[in-house]
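Letters go in sequence order (proteins before strands), and every chain restarts at 1.
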Protein chains: 2
Amino acid sequence: MATTTRTTDRGAAYFPRLAAERLDIALCRASAAVARAADAHAAREGLGVGQHLVLQMLDAVGPCSQQTLSEELRIDRSVMVGICDDLERAGHVRRERNVRDRRSYAVTITDSGRRRLAEAQASIPAFLEDTFHTLTPDERGQLSAILGKLLRTGAGGSP
Amino acid sequence: MATTTRTTDRGAAYFPRLAAERLDIALCRASAAVARAADAHAAREGLGVGQHLVLQMLDAVGPCSQQTLSEELRIDRSVMVGICDDLERAGHVRRERNVRDRRSYAVTITDSGRRRLAEAQASIPAFLEDTFHTLTPDERGQLSAILGKLLRTGAGGSP
DNA sequence: CGCCGACTGTTTGACAGCAGATGATTTGCA
DNA sequence: TGCAAATCATCTGCTGTCAAACAGTCGGCG
């Protein structure tokens with residue numbers, strides 16, 4: 001609460017100026033804040049962000065190899081190991097050796113996983129509203145469009 | 001959707017759909033890509049992102065305590081210690097005990113630091129152009145404005 | 001068949017970021 | 001004055017992420 005009581009130095013409100021002219025920094029700071037909010041939400045929900053994404057994708061497109069999951073979700077494959085470990089231990093997912101190619105598993109969502117996903121899914125709109133409530137629907141649409149373009153054409157696509 | 005027992009692997013292009021409806025995820029993925037680009041640029045330049053920001057702020061507003069630097073630049077104070085250590089070891093910064101309050105240092109940029117900053121500063125526009133070249137000037141302006149609003153009103157300010 | 005390269009999942013090591021504790025110092029208040 | 005609380009810089013431990021190495025498997029080509 002004692003934020004403005006004692007600003008000893010003269011560096012008052014330097015950050016807004018910086019963020020205004022450095023698009024990269026504004027992007028990273030905003031992302032960090034949103035990521036923290038998402039992690040906190042996931043902790044309350046008891047299902048990690050990565051776990052949620054994996055369940056969501058398995059439910060949407062059917063059984064996948066860990067490789068496909070990590071590529072499509074942009075999660076490193078060494079991280080995907082731990083995510084699938086946790087999900088399997090909780091019974092939300094099964095790993096079955098592919099008979100055609102025994103290097104890969106077919107990761108499959110279970111009924112338990114579907115129920116868990118439905119629970120977690122239900123709270124997503126409230127989380128998004130809570131996080132972006134200061135933006136108008138127009139601004140959210142613009143932001144989504146611009147980020148989508150950036151991801152498609154630029155860095156997020158194929159490095 | 002009912003899926004056969006056959007692995008519907010190669011769930012092609014799932015990510016774009018996800019990013020379109022999950023603004024938080026699009027933001028984080030784009031930020032991660034941009035942060036990687038910034039780190040790579042900083043590595044080539046030989047001056048870390050945090051070091052660059054500190055020099056820039058010191059040059060702009062004059063001597064500061066590490067506390068002020070970390071607050072304004074949104075960098076954790078325990079991380080700021082290492083950044084100032086590196087800058088001091090390189091001779092780009094001096095730490096002088098404040099006579100009024102001997103708990104804090106007055107961190108001051110040196111002539112060497114100013115020269116180093118000028119060098120690094122010169123390559124920033126090219127980096128930004130390289131990273132965001134797929135966006136039109138209009139889109140960059142919109143993105144900057146929306147992120148600024150998000151940082152001011154929402155997460156970046158006061159949690 | 002036998003070797004070589006490519007791919008899948010896993011483990012390991014290095015490293016950044018953050019929360020919390022600590023020592024030195026200042027400030028507030030009785 | 002004197003003592004408790006706050007502040008600053010620092011250190012330590014923990015967590016999560018990434019790169020690289022590794023073992024098992026598939027495919028091709030002689």
Side-chain angles (χ1 to χ4, degrees), chain A residues 1-9 11 28-29 31-40 42-43 48-51 53-54 63-89 93-107 155 159, chain B residues 7 9-10 28-29 31-33 35-40 42-43 48-51 53-54 63-89 93-107 155 159:
Chain A
M1 58 177 70
T3 52
T4 57
T5 53
R6 178 135 176 81
T7 48
T8 57
D9 287 304
C28 289
R29 297 297 177 224
S31 163
V34 169
R36 289 171 71 120
D39 282 340
V49 174
Q51 300 180 28
L53 290 175
V54 167
C64 286
S65 69
Q66 294 183 191
Q67 180 74 9
T68 304
L69 287 169
S70 65
E71 281 175 5
E72 284 297 318
L73 296 176
R74 271 70 169 172
I75 295 175
D76 195 89
R77 63 188 202 280
S78 60
V79 175
M80 186 59 68
V81 174
I83 293 175
C84 289
D85 282 351
D86 293 341
L87 286 175
E88 190 178 36
R89 199 176 305 118
V93 139
R94 277 199 317 273
R95 277 198 259 218
E96 293 164 350
R97 278 286 176 196
N98 192 331
V99 284
R100 310 270 299 168
D101 185 343
R102 290 197 315 223
R103 288 172 300 182
S104 68
Y105 297 110
V107 184
Chain B
T7 59
D9 237 12
R10 293 297 146 205
C28 289
R29 296 298 176 227
S31 163
R36 266 198 300 276
D39 281 341
V49 174
Q51 301 179 27
L53 291 175
V54 167
C64 286
S65 68
Q66 295 183 189
Q67 180 74 8
T68 303
L69 287 170
S70 65
E71 280 174 6
E72 284 298 318
L73 296 175
R74 270 72 169 171
I75 295 175
D76 194 89
R77 63 191 196 284
S78 59
V79 175
M80 186 58 68
V81 174
I83 293 176
C84 289
D85 281 351
D86 292 341
L87 285 175
E88 190 178 35
R89 198 176 307 117
V93 139
R94 275 199 318 274
R95 277 197 260 220
E96 293 163 350
R97 278 284 176 196
N98 192 332
V99 285
R100 307 281 293 172
D101 185 343
R102 289 195 314 218
R103 291 171 299 180
S104 69
Y105 297 110
V107 184

Length of the [atom1]-[atom2] vector between [X] and [N], whole Å:
{"X": "B:Met80", "N": "D:dC11", "atom1": "CE", "atom2": "P", "result": "15 Å"}
{"X": "A:Asn98", "N": "C:dC7", "atom1": "CG", "atom2": "C1'", "result": "13 Å"}
{"X": "B:Leu87", "N": "D:dA9", "atom1": "CG", "atom2": "P", "result": "15 Å"}
{"X": "A:Ile83", "N": "C:dT8", "atom1": "CD1", "atom2": "P", "result": "18 Å"}
{"X": "A:Leu53", "N": "D:dT17", "atom1": "CG", "atom2": "P", "result": "12 Å"}
{"X": "B:Gln67", "N": "C:dT26", "atom1": "CD", "atom2": "P", "result": "16 Å"}
{"X": "B:Asp39", "N": "D:dT17", "atom1": "CG", "atom2": "P", "result": "16 Å"}
{"X": "A:Arg74", "N": "D:dG16", "atom1": "CZ", "atom2": "P", "result": "23 Å"}

Base, sugar-phosphate, or nothing for A:Arg102, non-hydrogen atoms under 4.0 angstrom?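 If one applies the 4.0 Å heavy-atom cut-off, A:Arg102 turns out to touch the sugar-phosphate alone, with no base involved.
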Students often get this wrong, so: under 4.0 angstrom with heavy atoms, is A:Arg97 touching a base, only sugar-phosphate, or nothing?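 Here A:Arg97 touches no strand at all.
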Of the listed nucleotides (D:dT10, D:dT25, C:dG9), which one gets closest to any side-chain atom of B:Arg77?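 Of the options given, the side chain of B:Arg77 lies nearest D:dT10.
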Could you check which of D:dC26, C:dG9, D:dA19 has an atom nearest any side-chain atom of A:Ser78?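 When the side chain of A:Ser78 is considered, D:dA19 is the closest of D:dC26, C:dG9, D:dA19.
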To the nearest 0.5 angstrom, please state how far the CG atom of B:Leu53 sits from the CD1 atom of B:Ile75.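 That separation rounds to 5.5 Å.
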Please report the interatomic distance CD(B:Glu88) to CZ(B:Arg95), rounded to the nearest 0.5 Å.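 The CZ atom of B:Arg95 is 4.5 Å from CD of B:Glu88, to the nearest 0.5 Å.
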OP1, OP2 of [N] versus side-chain N and O of [X]: anything below 4.0 Å?
{"X": "A:Arg36", "N": "C:dA19", "answer": "yes"}
{"X": "B:Gln66", "N": "D:dC8", "answer": "no"}
{"X": "A:Tyr105", "N": "C:dT10", "answer": "yes"}
{"X": "A:Arg95", "N": "C:dT10", "answer": "yes"}

Both A:Ala32 and A:Val81 contact DNA chain C. Which one's nearest nucleotide lies toward the 5' end?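 On the 5' side of the pair lies A:Val81.
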With a 4.5 Å heavy-atom cut-off, do B:Arg77 and B:Gln66 have their side chains touching?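 Not touching, per the 4.5 Å side-chain cut-off.
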Closest-nucleotide mapping onto DNA chain D: is B:Ser104 or A:Arg103 further toward the 5' terminus? I mean the 5' end.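 With B:Ser104 and A:Arg103 compared, the 5'-side residue is B:Ser104.
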Closer than 3.5 angstrom, by distance alone: can the side chain of A:Arg97 be matched with the main-chain N or O of A:Arg102 as a donor-acceptor pair?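 At least one qualifying donor-acceptor pair exists.
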I'd like to know if B:Asp86 and B:Arg89 make a salt bridge, using a cut-off of under 4.0 Å between side-chain N and carboxylate O.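 Result for this pair is yes, salt bridge flagged.
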